[in-house]
Q: 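The structure under discussion is supplied below as structure tokens; questions concerning it will follow.
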There are 2 protein chains.
Amino acid sequence: MQLDERSKQILKAIVLSYIKNAQPVGSRSITERYDFGVGPATIRNIMSDLESGGFLSHPHTSAGRVPTEKGYRFYVDTLFEEETFLKNQSRITLEAEQLVQREDAGQLLQDTSKLLSDLTHYMAIVSVPKMSEARIRHIEFVRLRANCIMTITVSEAGFVQNKFFDLEKDISQRSLNHISDYLNSLYTGMTLDGIRKKMKRQMEKMEDLYDHLESEAFELTKQAMHELHTTDTGELYTDGAVHIFDLPDFSDVKVMKGLLKAVKEKKAVIELLDKYIGSDGVQVFIGSENRFLGNHGCSLVVSQYKRGDRVLGALGVIGPTRMDYSKVIPLVDSTAKQVSRLLEDLS
Amino acid sequence: MQLDERSKQILKAIVLSYIKNAQPVGSRSITERYDFGVGPATIRNIMSDLESGGFLSHPHTSAGRVPTEKGYRFYVDTLFEEETFLKNQSRITLEAEQLVQREDAGQLLQDTSKLLSDLTHYMAIVSVPKMSEARIRHIEFVRLRANCIMTITVSEAGFVQNKFFDLEKDISQRSLNHISDYLNSLYTGMTLDGIRKKMKRQMEKMEDLYDHLESEAFELTKQAMHELHTTDTGELYTDGAVHIFDLPDFSDVKVMKGLLKAVKEKKAVIELLDKYIGSDGVQVFIGSENRFLGNHGCSLVVSQYKRGDRVLGALGVIGPTRMDYSKVIPLVDSTAKQVSRLLEDLS
DNA sequence: TCTGGCACTCTATTGGTGTGAGTGCTAAAA
DNA sequence: TTTTAGCACTCACACCAATAGAGTGCCAGA
């Protein structure tokens, strides 16, 4: 279906109006608010065309038109004006600069989610990089009591994780320190899995001549790997869940509850982010283009953030399908870039 | 005002009925559900007395009676049957046993809040002990990059905290290890503040003969102390916020939102818990007996948990004023005891 | 002191009606 | 051929009145 320029403009006007007021928009209000130089009847005809094209729909016979998901998609894909992007860019970056400059990358992500939700008034989500895939800057073992130690891993990007596990054999703190020193001096910048593999290769080369320290270090690394892989299901920071109370779209308590519950469970959201973490730049998922979003009648604007060339995670905004894409998209975009930059600085 | 036995029983019946149905209770339904051997008219008279005594109130002329806060208070204080306590005890302890036996005390508290909210269907809150007041089992410094280190403190109770801070002078990881060793070997079991004071005394005694290591250790401890004191505003785990959607009491979206927002901010709740953390055993705060609760029309059942003789924090349940105290009180009680026991085991 | 009965009050529900916003269609105008 | 004006029609919603129902308060009698 091809739309002529005027139809596009009218579709855009309808989407904008609906984004703003959350009310079905009638032919009359279009002629009043926007000057297309035509009367309501003409608008009605065009609306009718747009409806048969699948861009608009009708709640009931005598209500105004409402954009369908296809309508939103069309709006986002083709009607989006580059100028809006640029107009907002400077302001947003300014606000993002105010993110506390911390050494703690986890805190940075948490602040980011708060910033995103405050600026958009929607719900923000930020996924935390998986430690099991991260390159390690530092690893440390602490003996808590007999047969029980804690490992602290700091990734290159500045994320920290503590893990507890039991050992068959008790190891003194002194030995643990030696092992940490050994690992840190030789293997920084690799993933835990990489460390394990490299150690294994080295040990095999030296056959049974490898020294005691190395063997213990290997065992510990193996355990830490295992622990990380079994428990590292991915973390998620969310913020601004309360905002959904302010949205007329979610006046239905059941929908609100469902969404809150789903986000609380986190798993579905993490999968959602993981799935689309691969592609570059901002992505927009509208309603039923994704199972999760469709079930809750909302959309997701998401972008990946990275450190150097490595994609670390994704951050984005979940809002109603009729959310203000022209604001949210550039905001998510610049926030992701800002986070990437800040993570770069923490090195 | 003195109530005779029958009045008490009827008051109790009204509170129970209202707890169960969240509906004003009429004289008729009392005679139907409970056998007091009297007619509705008699009940009405007694209700009238209870109302003038301030235990009941009237939404409007022809509605049933609703307990006032004074009514709840009376119910909780005097009508509570010890048998209910014991009856539930075994079941609850059983469920609490299933809390994952982890080495990580933080995880334990998080699991606890989930357990509490799952069992009660209200919102659960658990405060985390302040690291600045805790006795330290282990302290560790990690150099992240020039002039920037991270300290990891593990408390005796098993809580872990990471803090980042900048140093004027760069210190190598090797020196940091020595300092950690030094601190751990001499000062475990004291609070950070205690360590600092003791070191200072020792340094003064030895005057300017104290060695280099000790001086650096002292500086680091001072910094860590400072960092902990400025950022250690208290942590809070909450769970089950979504449950408030199921409560008819909070059908008003505004009230829900207010409560959620307040709990999200955490500060007010932490203050609330801190305030009453001193007293032993379960405490019940009903509605406007406390500012925070009154504003949101809810009550708090709370108990402290400890490790040995030291009170570490508090845990409890926030629910509507008409919550089922006979279930919640023993649950909170036994959960607190269970948590205390588990923390004891982690040593 | 308790009870039955009766009048009274107030809420919630139901059904009917009018209004307004909006569409769809058709015929006339441009 | 495109646009417009007009008109009939639909539907949601607010408003109103009537009614049912639950509950109280009070009084007279057991």
Side-chain angles (χ1 to χ4, degrees), chain A residues 2-11 13-18 20-68 71 248-249 251-252, chain B residues 2-11 13-18 20-68 71 248-249 251-252:
Chain A
Q2 269 304 2
L3 297 182
D4 61 11
E5 191 51 36
R6 194 175 61 180
S7 303
K8 285 184 190 175
Q9 289 305 317
I10 288 173
L11 175 53
I14 293 170
V15 172
L16 284 175
S17 165
Y18 188 66
K20 195 164 167 199
N21 309 309
Q23 289 288 330
V25 0
S27 54
R28 192 81 183 283
S29 62
I30 291 290
T31 56
E32 277 165 5
R33 258 190 288 257
Y34 303 84
D35 186 18
F36 288 107
V38 297
T42 315
I43 302 285
R44 276 206 289 283
N45 286 334
I46 296 170
M47 280 172 149
S48 186
D49 293 347
L50 287 171
E51 185 167 359
S52 36
F55 298 100
L56 297 177
S57 84
H58 240 179
H60 55 84
T61 335
S62 80
R65 291 329 203 277
V66 164
T68 59
D249 317 67
S251 55
D252 182 3
Chain B
Q2 269 304 1
L3 297 182
D4 60 12
E5 191 51 36
R6 194 175 61 181
S7 304
K8 287 184 190 174
Q9 289 304 318
I10 287 172
L11 175 53
I14 292 170
V15 172
L16 283 175
S17 164
Y18 187 67
K20 194 164 166 198
N21 308 310
Q23 288 289 330
V25 3
S27 53
R28 192 83 185 282
S29 63
I30 292 289
T31 56
E32 278 166 4
R33 257 189 289 255
Y34 304 84
D35 187 19
F36 287 108
V38 295
T42 315
I43 301 286
R44 276 206 290 282
N45 287 333
I46 296 171
M47 279 170 149
S48 186
D49 293 348
L50 287 170
E51 185 167 359
S52 36
F55 298 100
L56 296 177
S57 83
H58 238 176
H60 56 85
T61 336
S62 81
R65 296 315 208 286
V66 164
T68 60
D249 315 66
S251 55
D252 182 5

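All values reported here derive from a predicted model rather than from experimental measurement. Just so it is clear: chains get the letters A, B, ... in the order the sequence lines come, proteins before strands, and each one is counted from 1.
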Q: Please identify which of these residues, A/L16, A/V15, A/L50, A/L11, meets the side chain to side chain contact (heavy atoms under 4.5 Å, CB included) condition with A/P67.
A: A/V15
Q: Considering only side-chain heavy atoms of A/T42, which listed nucleotide, C/dT23, D/dG25, D/dT3, is closest?
A: D/dT3
Q: Expressed as a whole number of angstroms, how long is the span from A/H60:NE2 to D/dC13:P?
A: 6 Å
Q: Round to the nearest Å and state the distance from B/I43 atom CD1 to D/dT24 atom P.
A: 10 Å
Q: Heavy atoms under 4.0 Å, any strand shown: does A/T61 hit a base, just sugar-phosphate, or nothing?
A: sugar-phosphate
Q: Just wondering, do B/I14 and B/M47 contact through their side chains at under 4.5 Å, heavy atoms?
A: yes
Q: I need the CG-P distance between B/L50 and D/dG25, as an integer number of Å.
A: 12 Å
Q: Of the nucleotides C/dG24, D/dT4, C/dC2, which has the atom closest to the A/N45 side chain?
A: D/dT4
Q: Please report, rounded to the nearest Å, how far the P atom of C/dA21 is from the CZ atom of A/R33.
A: 13 Å
Q: Side chains of A/S48 and A/H58: does their closest heavy-atom pair fall under 4.5 Å?
A: no
Q: Once you round it to whole Å, what is the distance between C1' of C/dT3 and CZ of B/F36?
A: 17 Å
Q: Report yes if a donor N or O on one partner sits less than 3.5 Å from an acceptor N or O on the other, where the partners are the side chain of B/R44 and the base of C/dG4; otherwise report no.
A: no
Q: In whole angstroms, how far is the C1' atom of C/dG20 from the CD atom of A/Q23?
A: 14 Å
Q: If only side-chain N and O atoms of A/S62 are considered, is one of them under 4.0 Å from the OP1 or OP2 phosphate oxygen of C/dA21?
A: no
Q: Specify the separation, in whole Å, of atom NE2 of A/H58 and atom C1' of D/dA12.
A: 13 Å
Q: Report yes if a side-chain nitrogen or oxygen of B/R65 is closer than 4.0 Å to either non-bridging phosphate oxygen (OP1 or OP2) of D/dG23; otherwise report no.
A: no
Q: For A/G54 versus A/T68, what's the shortest heavy-atom pair and its separation?
A: O-OG1, 2.6 Å
Q: Using a heavy-atom cut-off of 4.0 Å across all strands, would you classify B/A41 as base, sugar-phosphate, or nothing?
A: base
Q: B/N45 and B/T42: side-chain donor and acceptor closer than 3.5 Å?
A: no
Q: Is any side-chain nitrogen or oxygen of B/S27 closer than 4.0 Å to OP1 or OP2 of D/dT24?
A: yes
Q: Distance check needed: D/dT24 P versus B/L56 CG, whole Å only.
A: 10 Å
